[in-house]
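For reference, the structure is listed below as structure tokens.
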There are 2 protein chains.
Amino acid sequence: MKPTPRSSQPSCPPADSRADRRAVEGAAADAELAALAKALGHPIRVQILRILVRKEACICGDIVGELPLAQSTVSQHLKMLKEAGLIRGEVDGPRVCYCIEPRALRRLKALVGGL
Amino acid sequence: MKPTPRSSQPSCPPADSRADRRAVEGAAADAELAALAKALGHPIRVQILRILVRKEACICGDIVGELPLAQSTVSQHLKMLKEAGLIRGEVDGPRVCYCIEPRALRRLKALVGGL
DNA sequence: CGGCTTCATCGTAAAACGACGATAAGAGGC
DNA sequence: GCCTCTTATCGTCGTTTTACGATGAAGCCG
């Protein structure tokens with residue numbers, strides 16, 4: 001059990017901020033919303049997302065430390081969130097640094113708002 | 001195949017419109033958001049919700065007619081949406097009249113917006 | 001180089017989902 | 001009463017999710 005020295009402030013990519021012009025209705029939007037909603041459809045994943053939003057910087061497997069689940073299980077949830085495009089993972093030495101994908105989050109809000 | 005005469009304008013309950021004061025964060029909110037998101041986590045259910053929003057009045061099993069699935073399957077999706085609280089079903093003679101639950105939809109938007 | 005830490009992946013088992021056809025249950029019409 | 005129409009529910013089957021421990025891959029430190 002080392003003190004786990006955090007090298008420095010974890011850094012996440014620039015984060016592009018173009019507007020999203022895609023439609024919020026139609027079959028494609030249905031599928032998109034369903035996929036995003038499905039990714040959010042588990043309390044643990046909601047919690048992970050909130051952790052990443054709160055720390056607005058990206059942390060790594062400290063996430064595991066905050067959750068009552070095995071490391072492998074958390075890794076699977078992270079994978080789902082990543083596949084849904086809601087988060088991103090950057091390799092930083094031996095660690096991996098996750099952060100939210102603001103674009104996807106905005107897209108989700110737009111789609112839900114469009115209901 | 002009868003012309004299926006629609007008796008009259010289908011009517012849905014008064015629809016209460018009190019504000020929702022519950023928190024948008026915390027473990028309870030996580031579970032609530034996850035449950036709502038899970039219900040939305042299937043394209044067909046998104047489509048059903050949109051149908052009900054579009055016709056802002058409540059229709060019955062015309063929904064089945066708009067979807068490429070068996071009646072029993074649609075019924076199951078409706079059940080999930082109802083269990084999530086997103087829609088409501090009123091028995092009207094031999095038919096059942098579904099409509100969205102505006103309160104739950106607002107709640108969903110608030111929770112997603114709170115991310 | 002060896003060892004440690006960090007994370008992903010694999011294998012597995014239980015549960016839940018998604019779809020269907022068949023069947024039951026309730027209301028209306030003849 | 002009986003038959004029809006509408007909807008829900010049951011039983012089934014294959015797929016996906018959720019969880020775990022065990023194992024593997026990659027990077028750092030001494």
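Here is the naming used below: chain letters follow the sequence lines, and residue numbers restart at 1 for every chain. As a basis for the values below, the full set of heavy atoms in this structure was taken, side chains included, without hydrogen atoms, waters or symmetry mates.
In this structure, the CD atom of A:Glu83 is 13 Å from the C1' atom of C:dT9, given to the nearest Å. Going from atom CE of B:Met80 over to atom P of C:dA19 covers 9 Å, rounded to whole Å. One atom, CD1 of A:Ile87, and another, C1' of C:dC7, lie 13 Å apart when rounded to the nearest Å. Between the CZ atom of B:Arg95 and the P atom of D:dA8 there is a distance of 13 Å, given to the nearest Å. For the pair B:His42 NE2 and C:dC17 C1', the computed distance is 8 Å after rounding to whole Å. Atom CG of B:Leu81 and atom C1' of D:dT7 are 16 Å apart (whole Å). In this structure, A:Glu90 atom CD and C:dC7 atom C1' are separated by 15 Å, rounded to whole Å. Atom C1' of nucleotide C:dA19 and atom CD1 of B:Ile44 are separated by 11 Å, given to the nearest angstrom.
Between A:Tyr98 and A:Ile87, the closest heavy-atom pair is CD2-CD1, 3.7 Å. Closest approach of A:Ile100 to A:Leu49, counting heavy atoms only: CG2-O, 4.2 Å. Between B:Ala35 and B:Ala84, the shortest heavy-atom distance links the atoms O-CB, 4.4 Å.
Salt-bridge check for A:Asp20 with A:Arg106: failed, with every basic side-chain N at 4.0 Å or more from each acidic carboxylate O.
Nearer to the 5' terminus of DNA chain D, by closest-nucleotide assignment, is the contact made by B:Lys38 (compared with the other of B:Lys38 and A:Gly93).
For A:Val96, the side-chain atoms get nearest to C:dA8 when compared with the rest of C:dA8, C:dT6, C:dC20.
Side chain A:Gln76 to base D:dA19: a donor-acceptor pair is found below 3.5 Å. Interface remark: the B:Thr73 side chain does not form any donor-acceptor pair with the C:dG18 base, using a distance-only criterion of under 3.5 Å. For A:Gln71 against C:dA8, a side-chain-to-base donor-acceptor contact under 3.5 Å is present.
Backbone-only contact: B:Leu69 has heavy atoms under 4.0 Å from sugar-phosphate atoms and none from a base.
Separating the CZ atom in A:Arg88 from the CD atom in A:Glu101 is a distance of 4.0 Å, to the nearest 0.5 Å.
For C:dA19, the OP1/OP2 oxygens have a side-chain nitrogen or oxygen of B:His77 closer than 4.0 Å. Taking side-chain N and O atoms only, B:Ser75 has a distance below 4.0 Å to OP1 or OP2 of D:dA8.
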